[in-house]
Amino acid sequence: MGVGHSSVSLSLDPISIAAFTAKPKPKTSCFVNTHCRRSVFPTKRVSLFVDFSLKFESLKCGTVAGEMDTEKGIDVANKSILDFHDIDERLIRKMEFDALVWSSLHGLVVGDRNFQRSGQVPGVGMVHAPIALLPMSFPKSHWKQACELAPIFNELIDRISLDGKFLQDSLSRTKKVDAFTSRLLDIHSKMLEMNKKEEIRLGLHRSDYMLDEETKLFLQIELNTISSSFPGLGCLVTELHRTLLNEYGEDLGLDSKKIPSNTAVGQFSEALAKAWTEYNNPRAVVLVVVQTEERNMYDQHWLCTMLKERHNVRTVRKTLAEIDREGQLLPDGTLLVDGQAIAVVYFRAGYAPTDYPSESEWRSRLLMEQSSAIKCPSISYHLAGSKKIQQELAKPNILERFLENKEDIVKLQKCFAGLWSLDDLDIIRKAIDKPELFVMKPQREGGGNNIYGNDVKETLLRLQKEGSEEDAAYILMQRIFPTVSPTILMRDGICHKEHAISELGIYSAYLRNKEKVIMNDQCGYLMRTKIASSNEGGVAAGFAVLDSIYLT
């Protein structure tokens, strides 16, 4: 999924550039100095699993991170290999300065929303991407587990995409109450009616996980099959942290070799180049579908630049509306945009209802789907990554419908946690009784749409009272409680001492031409770290940053 919008919750759905570049809301802090400030943070640990543990254990099938209980508070875990808050202030200032210089020189930048044209014109209004100053410690065993899961999830998505009936049936109730999902399913139905075959199938995915502190389980939050963002900037953060540890590692007691290499942008560009080769038209280009204002354009430009420099594959950037105006479908299925043949369509937009403000954008999506161009993702891959499909896969014997290898099935099930449809009356009663243990998620990508805390209870009671089918637009997920760690976050040239939670995303690429699997690889990672401070009214509005991992 694409870059999303964070709410005031601690949900780590994909981070938005708007959230990256927005000014932090005022909060009570004790300032360490003019550059580095420390947040006030509660110190009492809360455990909320109680009598639900058996239910979750027997119905493992999904996961989510949500709001923490702000009345009881949370202990800061002492699992960090180093308490970054105890680092000498002079050393922090040195690293801060070096990090800002390095980011400026190496393109670790985003558009600054304070400049009107920063999301439209490259080079106008740039600011360093929000980052963690130092990497987050992470268990080597869970890193290995996440990497091993990547090719299995790739194969699963491909198998699901070929089962049109499963996709249509699973989303049939959602279609009745969710207009956006309905339009996507309509396009999918048209492709089924045309008997449209996607012989060359390309997926650039990212599977997101959190490590639950209470159970020590490594749990999947979701699998993104469209617009998996930050392969470019994520790699740069890894290199920045290695550079800082090469310089200051002896002072910190940290070894730069324990930061795993991050090859996401290189492998994503390789996958796109191989797909372009399979299309077999040397004059064709890769079409990057973008939003009208994109402050995360530099992450995308890194990928396009690597495609050109390493593989001599050209790209063009177009919005959905521009594709509608300039697009043409030839009788042989060739897609032309502004007279240029398209080999691969790479979506960095089109995952949210706001990307379709008029019928023009929907016509564009249908036109591309009807063409012979390789879609990344195709409409079936897009639907296969939906939250309702994630919930369906948790049901008994559903994974066996798509995968034969029993060991692979067991590996997937180990990372599933509690996830249910809203027709499960037993779990609905428990969610109303203890809403802090659950999160309601609508069928949306991009984040910022979830329901937490007491709002879960109120929404469920309203749906019960109304007796409508609106409940089909949601799934109910177990909330997970990740480890809270001290860290130093940087935004707008200022570092903040905070306590934070982190989410690991594993990139993967899958390319298949008919029966031949050309690529099925894990492709680097994205670590995102988000402030975990709280106040009386709930979780304080904070900010998320790009991070890397330090294997322990």
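Position 1 is the first residue of the sequence, and the numbers go up from there. Everything numeric in this text was worked out from a predicted model, so none of it was measured.
- The residues Lys274 and Glu270 are annotated as salt-bridged, a charged nitrogen and a carboxylate oxygen being separated by less than 4.0 angstrom.
- The aromatic ring centres of His188 and His382 sit 6.0 Å or more apart.
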Residues Val127, Phe115; criterion side-chain contact (heavy atoms from CB on, under 4.5 Å); working and verdict: CA-CA 10 Å; Val127 63; Phe115 289 80; over 6 Å; no
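- Here the closest heavy-atom approach between residue Gly493 and residue His128 is recorded as N-NE2, 2.9 Å.
- Summarising the geometry of Met527 relative to Ser502, their closest heavy-atom pair is CE-CB, 3.4 Å, with the distance given to 0.1 Å.
- The CD atom of Glu503 lies 10.0 Å from the NZ atom of Lys530; values are rounded to the nearest 0.5 Å.
- Summarising the geometry of Leu240 relative to Ala99, their closest heavy-atom pair is CD1-CA, 3.9 Å, with the distance given to 0.1 Å.
- Taking OG from Ser137 and NZ from Lys258, the interatomic distance works out to 11.0 Å, rounded to the nearest 0.5 Å.
- Checked by atom type, the side-chain pair Thr483/Ser485 shows no donor-acceptor distance below 3.5 Å.
- Trp302 contributes atom CH2, which lies 15.5 Å from atom CZ of Phe230 (distance to the nearest 0.5 angstrom).
- Between the side chain of Asp88 and the main chain of Arg90, a donor-acceptor pair closer than 3.5 Å is present.
- Asn154 and Ala509 get closest at one heavy-atom pair: ND2-O, 3.3 Å.
- Checked against the 6.0 Å centroid threshold, His241 and Tyr550 do not count as a close aromatic pair.
- Minimum heavy-atom separation, Glu361 to Ala321: OE2-CB, 3.6 Å.
- A salt bridge links Lys497 with Glu89: the closest approach of a Lys/Arg side-chain nitrogen to an acidic carboxylate oxygen falls below 4.0 angstrom.
- Summarising the local packing, CD of Glu458 is surrounded by more than 12 heavy atoms from other residues, nucleotides or ligands at distances under 6.0 Å.
- Annotation for Ser269 and Met306: closest pair OG-CG, 3.5 Å, computed over non-hydrogen atoms.
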